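A, B, ... follow the sequence lines: proteins, then strands. Residue 1 opens every chain. Here the structure is a predicted model, which means the values were calculated and not measured.
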Number of protein chains: 2
Amino acid sequence: MQGFERFSSDFVRQYGLTHAQFDIIATLGNTCGMPYKELGQKTLITKGTLTGVIERLEQKGLVRRERCPHDKRSYSVRLSVEGEQVFHDVFPKLTRQGQQLFEGYTEDDFVRLENSLAGLKQAIANGHS
Amino acid sequence: MQGFERFSSDFVRQYGLTHAQFDIIATLGNTCGMPYKELGQKTLITKGTLTGVIERLEQKGLVRRERCPHDKRSYSVRLSVEGEQVFHDVFPKLTRQGQQLFEGYTEDDFVRLENSLAGLKQAIANGHS
DNA sequence: TATTGTTATACTCTATAACTATA
DNA sequence: TATAGTTATAGAGTATAACAATA
């Protein structure tokens, strides 16, 4: 875990993004936007912190905010065109970078790993709730 | 990964420790101390940051510093008696907490998971260097 | 001259609580 | 009254670079 954490966060930082910012972009990718509340629930970032993180992403032009027509207290946050570019640019690279890790893996290795991790993930999610 | 990260960091925070501080204690556990430089290499914390982290751990009385007799520029950082208590108190609990995640696992499940993860770990370490 | 650790700077994240504006 | 987001506050980690003491 620590190994991959370092591996990926070095990579992300090269794009001038922090872990939290990357988390937001990842969460917003392939969606049509969502309010702060939902974003906070998905990323586990509290609302006070979220204001700052979104602000910095907005300054970088990666994210846009629109007042929600139905509830004027709320915003809809979504990726800008540039934000989507980053999303579609960084993720495949990160994935590809990740792929190099698995050079020696056979199809069978993948299946075994995937099954193991799926079980582990579920166990963590259950123990966690 | 994210699931376990949250799981364990919630737990660690209950002891009033941050991730970085926990990392130091974990690294210092079962050793007779080491200088800042080595500590920084093992935890990937840069020296400037390390000064602050160690300082806070020293204020909490979990860590002690002694000038190295051989090289007067250098300190030897080691766990205090209380620091060792924390180490021996928190780690088994974290492990036990972790064990609950694996309630439904059979011996075979463990073997499979262990093999998969060992391979993954090595792949990450290699891709990482 | 090179290295160990310190200090200074500037930024980001973090939690928490008081606040505003809507609902 | 309750909720969505803001602001204020205080603390912690991060990188970087200039610095002092020692090697």
Nucleotide dT14(D), atom P - distance to CG of Leu17(A) in whole Å:
18 Å

Over how many whole Å does the gap from Asp71(A) atom CG to dA2(D) atom P extend?
17 Å

Within this structure, what is the CD1-to-C1' distance between Ile24(A) and dT12(C), rounded to whole angstrom?
13 Å

Side-chain heavy-atom pair Arg56(B), Thr18(B) within 4.5 angstrom cut-off:
no

Donor-acceptor pair, distance only, cut-off 3.5 Å: does the side chain of Ser80(B) make one with the backbone of Gly61(B)?
yes

Would you please confirm or rule out a distance under 4.0 Å between OP1 or OP2 of dG5(C) and any side-chain N or O of Ser74(B)?
yes

Regarding Lys47(B), tell me which of base, sugar-phosphate or nothing describes its non-hydrogen contacts under 4.0 Å with the strands shown.
base

Between dA12(D), dG5(D), dT22(D), spot the one nearest the side chain of Pro35(A), thanks.
dG5(D)

Do any N or O atoms from the side chain of Arg78(B) and from the backbone of Cys32(B) form a donor-acceptor pair under 3.5 angstrom?
no

Between Lys37(B) and Thr49(A), name the one whose nearest nucleotide on DNA chain C is closer to the 5' end.
Lys37(B)

Contact class for Thr51(A) (heavy atom, under 4.0 Å): base, sugar-phosphate, or nothing?
base

Would you compute the distance between atom CG of Leu39(A) and atom CD1 of Ile24(A) and round it to the nearest 0.5 angstrom?
4.0 Å

Taking the minimum atom-to-atom distance to the side chain of Arg73(A), which one of dT3(D), dG5(D), dA23(D) wins?
dT3(D)

Between the CZ atom in Arg65(B) and the CD atom in Glu58(B), the distance rounded to the nearest 0.5 Å is 5.0 Å

Measure from CZ on Arg56(A) to C1' on dA10(C) and round the result to the nearest Å.
13 Å

Sugar-phosphate, base or nothing in reach of Gly52(A), heavy atoms under 4.0 Å:
nothing

For atom NZ of Lys72(B) and atom P of dA2(C), their distance in whole Å:
24 Å

Roughly, in whole Å, what's the span from CD1 in Ile54(B) to P in dT14(D)?
12 Å

Tell me: CG of Leu44(A) to P of dT14(C), nearest whole Å?
10 Å

Side chain of Tyr75(A) only, please: which of dG5(D), dG13(D), dT12(C) is the nearest?
dG5(D)

Any side-chain N or O of Arg65(A) below 4.0 angstrom from OP1/OP2 of dT6(D)?
yes

Given dT16(C), dG13(D), dT14(D), which nucleotide is nearest the side-chain atoms of Thr18(B)?
dG13(D)

Of dG13(D), dG5(C), dT14(D), the nucleotide closest to the side chain of Tyr36(B) is dG5(C)

In this structure, how many angstroms lie between the P atom of dA21(C) and the CZ atom of Arg67(A), rounded?
11 Å

When you match His70(A) and Gln21(A) each to their closest nucleotide on DNA chain C, which lands nearer the 5' end?
Gln21(A)

